[in-house]
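Single-structure report; data block below.
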Amino acid sequence: ATFSLKGRRERGKDRDTYMTRKKRSSSAPGQRQLRVGEEIRHALTDIIAQDSLDDPDLAGRMVTVTQVSISPDLRNATAFVTPFGGGEADKLVAALNRAHGFFRRELARMVKLQFSPQIRFRADESFEQVDRIERLLHDPVVARDLARTSDDADEDGGDGEGGNAA
């Protein structure tokens, strides 16, 4: 009897393909990430409210921290901010990022974690996206198309039977 490794190697390739681990970063955040992110959000809000920063771009500015997204290893965090009442978000984000060391030190004092996360600030654009979608939905062309679509549904009977009534 002849012994061949060819079949085993091919099966080994299949096994390696099936045994690969999926990347965690593309999946939804886990419960711990969400909980730690929310705790960091509250701490950042408290730190900013203390108004203990010497930066003239931040003096007297009210900032809303809308969300904190944190990496699976809890070492990197991105805080999404918007100026309260509108304003220049880019200037605000630049000032907050200049003070990232101060925020990291204060977070280490306020939030009990093994490692204090590296914090980055980004402008929250979700409100602008909501406004853009609202404007699109109220556009006369879109309203006309939506009205036409609802009229077509009424002509089909709208009884859920999916056919003509005879």
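Positions are given from 1 along the sequence.
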Separation between [atom1] of [X] and [atom2] of [Y], rounded to the nearest 0.5 Å:
X: R120; Y: N97; atom1: CZ; atom2: CG; result: 8.5 Å
X: L107; Y: E39; atom1: CG; atom2: CD; result: 10.0 Å
X: I70; Y: I40; atom1: CD1; atom2: CD1; result: 3.5 Å
X: H100; Y: L96; atom1: NE2; atom2: CG; result: 11.5 Å

Donor-acceptor contact below 3.5 Å, side chain T66 vs main chain F80: yes
For T45, all residues meeting side chain to side chain contact (heavy atoms under 4.5 Å, CB included), sequence neighbours excluded: V65
Donor on one side chain, acceptor on other, Q118 and R104, under 3.5 Å: yes
Polar side chain donor-acceptor pair, T82 to D124, under 3.5 angstrom: no
Non-hydrogen atoms of R41 and E38 that approach each other most closely: NH2-OE2, 2.7 Å
Could you check if a side-chain atom of [X] sits within less than 4.5 angstrom of a side-chain atom of [Y], using non-hydrogen atoms only?
X: V36; Y: L113; result: yes
X: P72; Y: Q33; result: yes
X: V68; Y: L44; result: yes

Charged N-O contact under 4.0 Å between E106 and R109: yes
Aromatic contact, F121 with F103 (centres under 6.0 Å): yes
Heavy-atom count check: over 12 atoms from other residues, nucleotides or ligands less than 6.0 Å from [X] [atom1]?
X: D90; atom1: CG; answer: no
X: R32; atom1: CZ; answer: no
X: R122; atom1: CZ; answer: no

Cluster overlap F102 with L92, hydrophobic side-chain contacts below 4.5 Å: yes
